[in-house]
Each structure stands twice: as structure tokens, then as C-alpha cells.
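Working notes, structure below.
Quick note: numbers below take in every heavy atom, side chains included, and nothing from hydrogens, waters or symmetry partners. Naming: A, B, ... by sequence-line order, numbering from 1 per chain.
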Protein chains: 2
Amino acid sequence: MNESTAVFALSALAHEARLKVFRTLVGSGPTGMTPSALSAALDIPATTLSFHLKELVHADLVTVERQGRNLHYRPALAHMNALLGYLTDHCCQGQACIPSVRKRRATC
Amino acid sequence: MNESTAVFALSALAHEARLKVFRTLVGSGPTGMTPSALSAALDIPATTLSFHLKELVHADLVTVERQGRNLHYRPALAHMNALLGYLTDHCCQGQACIPSVRKRRATC
DNA sequence: TTCATACTTCAAATATTATTGAAATATAGA
DNA sequence: TCTATATTTCAATAATATTTGAAGTATGAA
């Protein structure tokens, strides 16, 4: 994870619909969720949802896999974890902002 | 920290110049940095920098304090920490994405 | 094949953000 | 007060992102 990757991932998460989608996917089981299910759950039109899912996939925060007629979207937890690690490592540069938890690195 | 606060903070960080500014402020000492110093260090025109600093302040990720003729901008580490905590808490919902570090909460 | 379902891409409108010079404001020192 | 420095706000433009219906593509079932 470098600065531009981080900016890209942050941009992907910096939207109400996309953060909701990501959180919903995290809450879904290992099979992930289909666009139809997400569309119904979050009340987002299919076209709009498709646009946002593409953004998330493009930022590597979500993966897709086709299973028959359905697509299954899943959160890319390792990438999210890398983002959290990057932010943690660069928000204090070795100094602790909260002494009691100093040097603990962010993970999800 | 709630969803909309998180989106706001993420949006503030989701820009190359602003992430650079934040990181630079984190690296600066407790006196923070003035716009002139940031402008020189990052080679960003004063007007553009002022726009981005306002965004960061508005998102509570940075604080300002006037000292004589200068302004001192400092990172609001507690708020950054709250953002990391929110993301950590909501990216796995109790499940570990990386077993060896499970349940460790993100902090900076 | 044909039909229905699941999704995506296209396209065009709308909305939001970013950039920057010029002008304005604030402070401090002479 | 007058002047210089520090920084912001204004205003106009340029660039990007978002939304959504309509049309297209892919798959599976009949």
C-alpha cells in the first residue's frame, strides 16, 4: 500500500452508498451477496449500484465471482486491512497519539 | 463516530494533496505547521492549500490556532483514531479477516 | 431456439470538487 | 499610521463524480 493506492481506496469508501455496500458485504457470509440482494437491502437502483460496485472492485476493496446467473460480491478484507495498516503507520509516525495503545497497528 | 461522520472524514483524506498535508502535519512537531511552511514543503499554491486545509478542518481532522501573524495547523489525532476505530469495528463485524491479529482494534 | 432473469454498459444530464489569480482581511513592527 | 507579511475569501473556470432510464450481454430453463 502506497500513498496513491491509499487515496484510491479512501475515495472508494468516501461515499455513503459505497460505505454502506462495503459494510453490508462485510456483514454477509462467505458467499457474499448478489447485486439484486444488495439493491433490495439498501434500496439503491440496480444501475447506480452497479456503478458503485465497479468503483469498489476497481479499488480492490471488493471482489466479484460469477456463479451461474448470479454474481457474488465479497469484501476484500486483506486490502482493507492494508489500508488500515497504512493509515495507522502514517498517522503518528512512531509517536503515540494515545499512549496506552501506542505501537499497536490497525487491523480489521 | 457514525457512518456519515466517517464518510466525511474519508472524503477529506481521499485526495492526494490533503493526505500529504495530513501526513506532513503528523510528522511535524507539537507546534504544528503554518500554511507557508506547508505550501513550501509540498509545493502547493497558497490558495489551493487554504482550500484543502479548510476541508480538513471542516472534517475535524486538523485543528488551527493563531499565534501572532501565523496560523498553526495540527493533526487532530483523536479524530483520526476514532475513524480508524470505526473502520476496524465495521470491516469485520466480529469476525477476523486475519486470524492472528483478530479482535485487535485499530489505533494510531 | 425462445424467454425470463440477472446484471452491466451507454449516454446525457446534473451535481460536486478542485484550481488559482486577484482582492480582501488580519496582525505586527517601524 | 503606514507598510510588509501571512493567510483567507471571492469568483470564474475546469475537471470529476453521480444518477438513472434505456438498451445491451450473459446465463439458464423450457
Worksheet item: How close or far is atom C1' of C:dA4 from atom CG of A:N70, stated in whole angstroms?
Response: 13 Å
Worksheet entry | Donor-acceptor under 3.5 Å (B:R18 side chain, B:A12 main chain) | yes
Response to the item:
From NZ of B:K20 across to P of C:dA18 the rounded distance in Å is 15 Å
Worksheet item: A:E16 CD to C:dT16 P: how many Å, rounded?
Response: 13 Å
Worksheet item: Mind checking whether B:F8 and B:H58 have parallel, tilted or perpendicular rings, split at 30° and 60°?
Response: perpendicular
Worksheet item: Is there a side-chain contact between B:T5 and B:D60, using heavy atoms and a 4.5 Å cut-off?
Response: no
Worksheet item: Do A:H72 and A:T34 come close enough that some side-chain heavy atom pair is under 4.5 Å?
Response: yes
Worksheet entry | Flag, side chain of A:S39 to backbone of A:P45, donor-acceptor distance under 3.5 Å | no
Worksheet entry | For atom NE2 of A:H58 and atom C1' of C:dT9, their distance in whole Å | 16 Å
Worksheet item: Tell me, for nucleotides 17-30 of chain D in 5' to 3' order, what letter each nucleotide earns: B for a base near a protein heavy atom under 4.0 Å, S for only sugar-phosphate near one, - for neither?
Response: -BBBBB----BS--
Worksheet item: Do the side chains of A:L53 and A:L38 get nearer than 4.5 Å, heavy atoms only?
Response: yes
Worksheet item: Taking only side-chain nitrogens and oxygens of A:Y73, does any of them come within less than 4.0 Å of OP1 or OP2 of C:dA6?
Response: no
Practice prompt. Please state how far atom NE2 in B:H72 lies from atom C1' in C:dT27, giving the value in whole angstrom units.
Written response: 13 Å
